[in-house]
Amino acid sequence: MGAHSASGGGRRRSGVHREGPAPESSPRRGRHAAAAPVDPVAETPVVESLAATVESLAAEAVAEQNSLVDALLSEAPDVAAAVPAEVPAEVPAEVPAEVPAPVLDDVIDLPPRVSRRRKPVQTVARALRWTIAGTLIPGLAHIAAGRRRVGLVMAGSFATLLVAVAFVLLAVPRTRLVELSVQPTELELMIALFSALGLIWVLVVLSSWSVHRPEQLRAGQRAFATGVVAALSIGVAAPFAMGARTAYVQLDLLNTIFDNPTTPTMQLAMPALPVKQPQTPPGFGPATGFFANKPRVNVLLLGGDGGDNRIGVRTDTMILASIDTQTGRTVLTSLPRNLMKVQFPPGTEMARRFPNGFNDMMNAVYLYASNDKSVMPGTKYPGGELIKQTFSWTVGQPVDYFILVNLDGFRDIVDAFGGVTINVERRLPIGGSHDANGRVLEQPHNYLEPGRRKLNGYEALWYGRSRFDSDDYSRMNRQRCLLGAIARQASPMNVLTNFSELAGAAKRIILTDIPRQALPDLLELAGKAKSARVTSLTFVRSSAFDPGNPDFAYIQEQVRLAIAEATRTRHALGSGPAATPSAPGAATGTPATGTKAGTKTGTKAGTKTGTTTAVTGGATPTPTPTPTSAAASLDKVCGY
């Protein structure tokens with residue numbers, strides 16, 4: 001066997017293993033073993049020379065692939081230590097025939113190898129469990145798969161979204177949320193937001209499955225996993241798709257029904273009444289908003305039997321809803337469809353044509369203007385504007401807006417709500433008809449039985465329209481009860497659940513001049529009215545009221561008393577300053593043109609209700625009992 005050693009002169013020697021004692025040496029781990037001890041006198045230069053020689057020999061050993069040197073250095077330090085201090089020079093080294101190649105670790109010190117833990121075997125069940133977890137909490141599946149950075153970003157985004165939703169629900173005022181639901185720009189933003197969130201969440205589901213998907217899947221496993229992942233994707237996308245669709249339906253509804261964003265509120269001078277109207281103090285209404293400083297909002301509710309194109313509409317139902325803008329306290333005033341000789345404001349085309357009153361029933365006013373648009377030039381809805389003026393002049397109250405509902409499509413509204421529960425007081429016929437002389441032409445084909453019942457759309461329509469054995473006044477009462485029942489039972493959840501059906505029915509049967517700008521405040525006002533007291537005032541044939549020859553001063557006085565009573569209730573609750581009505585007869589007034597108020601010193605109402613009107617001219621008023629209103633609570637009238 002050949003060996004190498006170093007001498008002080010740096011010459012290369014060949015060494016062989018010899019018998020005899022070997023000098024002591026400390027074996028040196030690493031590249032080479034230590035050399036034989038040297039003379040202490042020349043210790044320093046010898047050490048330096050030995051180090052240079054060792055490094056040179058190591059380089060040559062690696063370059064020439066001297067396997068013997070490495071074998072001696074790594075496996076037999078004893079042999080190296082047994083080499084004598086002095087070895088004869090020029091002795092050829094003996095190289096073994098077969099020596100293993102040197103290993104890099106034997107020449108260069110490397111850190112010990114650390115064995116990595118093997119990943120658990122991925123199964124379909126385990127992958128689907130993590131996919132479901134990642135669907136519920138985005139990012140969880142990625143963190144479990146070792147992709148911490150991506151998972152933390154997903155989880156942080158999800159947490160931010162939850163915080164934002166909680167903030168909107170808890171911190172943002174409800175009025176602001178309602179306002180967003182009727183603003184086209186915000187609705188378009190909501191459509192885009194819901195669509196984007198739904199798509200992103202579907203990608204989260206697919207990504208969660210991708211990072212845990214096993215490498216090998218049988219056909220059955222692949223089909224089952226695909227079905228589960230598809231179901232998860234549809235499940236997370238469905239709520240966002242529903243939200244986007246609801247926002248789109250709402251936007252379409254606004255563009256269809258409320259397509260008059262700049263319609264001005266009609267300004268109409270009220271008739272001078274025989275009893276002075278109470279003056280509203282400044283600031284009586286809301287301080288801000290669309291109805292700022294407006295004490296009441298008056299909306300005329302009309303029910304007609306025309307088709308979708310509104311041709312031939314006769315307004316058989318006419319109800320004025322006067323709503324207190326602070327409390328929601330509402331007064332419903334109904335005029336019969338067969339009211340004759342209705343008056344029109346002085347100076348208008350209709351007043352010129354009919355100076356002594358309209359020559360037909362009041363339910364034909366809308367139809368007259370729809371057929372002859374010259375009576376209301378420059379208006380989008382001639383029939384609606386004319387009926388507003390006529391109703392306003394008749395009751396002595398301003399009318400802000402009108403809503404016309406086609407009663408033939410009313411059943412769709414009730415069906416969309418899932419029906420309406422109402423108290424049927426007596427057996428009501430469905431169908432049947434009479435001729436002009438009262439002879440029966442057709443017998444009813446069914447009946448609504450008495451009792452508290454839940455009516456579908458078809459039954460509710462006949463509840464409000466049945467006339468086989470009823471007069472107009474009974475029908476008017478039932479119609480008010482029906483509207484009140486729907487308003488009470490229309491919960492937000494019910495509306496939201498059936499919103500698409502309601503919106504579709506509304507587009508087919510509703511016509512209105514309410515501007516878009518008023519919708520946020522009007523919706524808030526409707527919420528107040530839902531929980532506030534509702535008073536019903538209807539005019540039936542009596543000694544005080546004859547629809548064929550009406551006393552308009554009596555109508556105006558009764559409406560004034562009903563509103564004044566609602567105002568006093570508001571003041572008693574501390575909702576605002578009182579609007580104290582003037583005592584009857586406290587002042588004189590000029591009656592409306594063509595009314596009877598200017599020819600009488602009192603109305604027939606005095607014999608029944610104690611109500612009197614002021615004398616005309618400069619007559620001295622006579623003290624009379626405090627007038628009372630014929631209005632009654634809708635709860636009592638309808639038995640809610």
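Owing to the predicted nature of the structure, the values given are computational and were not obtained by experimental measurement. The figures here come from the full heavy-atom set of this structure, side chains too, leaving out hydrogens, waters and symmetry mates.
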Closest non-hydrogen contact found for Val420 with Ala485 is CG2-CB, 3.7 Å
Phe358 vs Phe344 aromatic rings, parallel, tilted or perpendicular, using cut-offs 30° and 60°? perpendicular
Residue pairs meeting ring-ring contact (aromatic ring centres under 6.0 Å, His included), one or both in residues 316-341, sequence neighbours left out, come to none
dist Tyr368:OH -> Phe354:CZ (nearest 0.5 Å) comes out at 4.0 Å
Any donor-acceptor pair under 3.5 Å linking the side chain of Asp400 with the backbone of Asn298? yes
Exercise. Answer yes or no: is there a donor N or O on one side and an acceptor on the other, between the side chain of Thr325 and the main chain of Pro295, under 3.5 Å?
Key: yes
Tested for side chain to side chain donor-acceptor pair (under 3.5 Å) against Arg353, the lone hit among Asn359, Thr348, Asp372 is Asp372
Problem set entry | Side chain proximity check, Leu320 to Val559, heavy atoms < 4.5 angstrom | no
d(Lys454 NZ, Glu459 CD) to nearest 0.5 Å is 11.5 Å
Passes side-chain hydrogen bond (donor to acceptor under 3.5 Å, both in side chains), Thr535 versus Arg329? Steps please.
-> CA-CA 8 Å; Thr535 302; Arg329 176 73 186 273; 2.9 Å; yes
Side chains of Glu425 and Asn423 in contact at under 4.5 Å (non-hydrogen atoms): yes
**Message:** If we ignore hydrogens and angles and just use 3.5 Å, is the side chain of Asp513 paired with the main-chain N or O of Phe402 as donor and acceptor?
**Reply:** yes
Mind running side-chain contact (heavy atoms from CB on, under 4.5 Å) on Ile387 and Leu404 for me, showing each step along the way? CA-CA 11 Å; Ile387 193 63; Leu404 174 64; over 6 Å; no
*asked:* Under the criterion side-chain contact (heavy atoms from CB on, under 4.5 Å), I'd like the reasoning laid out for Met362 against Met340: C-alpha separation, chi angles, the key distance, then a yes or no.
replied: CA-CA 6 Å; Met362 189 176 181; Met340 300 295 295; over 6 Å; no
_Taking Lys373 first and then Glu385, would you say they form a salt bridge - that is, a charged N and a carboxylate O separated by under 4.0 Å?_
no
For Val182 and Leu522: C-alpha separation, side-chain torsions, deciding distance, then whether side-chain contact (heavy atoms from CB on, under 4.5 Å) applies.
CA-CA 11 Å; Val182 292; Leu522 195 60; over 6 Å; no
Correct closest heavy-atom pair for Lys380 and Pro382 would be O-CD, 3.4 Å
For this session: Keeping the roles fixed (side chain from Gln479, backbone from Gly464), state whether a donor-acceptor pair exists under 3.5 Å.
Result: yes
Result for side chain to side chain contact (heavy atoms under 4.5 Å, CB included) between Ile422 and one of Ile486, Leu448, Leu455 points to Leu455
On a heavy-atom basis, the closest approach of Ala244 and Ile191 is O-CG1, 3.8 Å
Hits for side-chain contact (heavy atoms from CB on, under 4.5 Å) against Ser233, two or more places apart or cross-chain, chain-then-number order -> Val202, Val205, Leu206, Val229
In short, salt bridge (Lys or Arg N to Asp or Glu O under 4.0 Å) pairs touching residues 235-248 with sequence neighbours left out are none
- Task: For the pair Lys294 and Asp521, find out whether any cationic side-chain nitrogen is under 4.0 Å from an anionic carboxylate oxygen.
- Result: no
Under a plain distance cut-off of 3.5 Å, with no hydrogens placed, do Ser334 and Arg475 share a side-chain donor-acceptor pair? no
Contacts of Phe391 meeting ring pair (Phe, Tyr, Trp, His ring centres under 6.0 Å) (sequence neighbours excluded), chain-then-number -> none
Do the rings of Trp462 and His445 sit parallel, tilted or perpendicular, given the 30° and 60° boundaries? perpendicular
Task: pair Asp551-Phe545: side-chain heavy atoms closer than 4.5 Å - done: no
**Asked** What is the ring orientation for Trp201 with Phe240, classed by angle as parallel under 30°, tilted 30 to 60°, or perpendicular over 60°?
**Response** tilted
The reported gap from CG in Asp469 to CG in Leu428 (rounded to nearest 0.5 angstrom) is 7.5 Å
Value for CZ (Arg560) from CD (Glu565), rounded to nearest 0.5 Å, stands at 12.5 Å
When rounded to the nearest 0.5 Å, the distance separating OG of Ser433 from CZ of Arg439 is 12.0 Å
(message) Just by distance, no angles: are the side chains of Arg296 and Ser322 close enough, under 3.5 Å, to form a donor-acceptor pair?
(response) yes
* Check the pair Leu482 / Arg478 against side-chain contact (heavy atoms from CB on, under 4.5 Å), numbers first and verdict last. => CA-CA 6 Å; Leu482 184 59; Arg478 294 199 305 268; over 6 Å; no
For Arg411, the salt bridge (charged side-chain N to carboxylate O under 4.0 Å, His left out) test, sequence neighbours excluded, returns none
Point to revise | Distance-only side-chain donor-acceptor flag, Arg516 / Asn255, under 3.5 Å | key: yes
Check: When you measure from the side chain of Thr317 to the backbone N and O of Leu302, does any donor-acceptor pair fall under 3.5 Å?
Finding: no
Do Val365 and Thr315 come close enough that some side-chain heavy atom pair is under 4.5 Å? no
d(Trp393 CH2, Gln556 CD) to nearest 0.5 Å is 8.5 Å
For Phe468, the ring pair (Phe, Tyr, Trp, His ring centres under 6.0 Å) test, sequence neighbours excluded, returns His434
>> If we ignore hydrogens and angles and just use 3.5 Å, is the side chain of Lys507 paired with the main-chain N or O of Ile257 as donor and acceptor?
In response: no
Quiz item: Under the 3.5 angstrom rule, does the side chain of Asn446 hit a backbone N or O of Ile430 as a donor-acceptor pair?
Solution: no
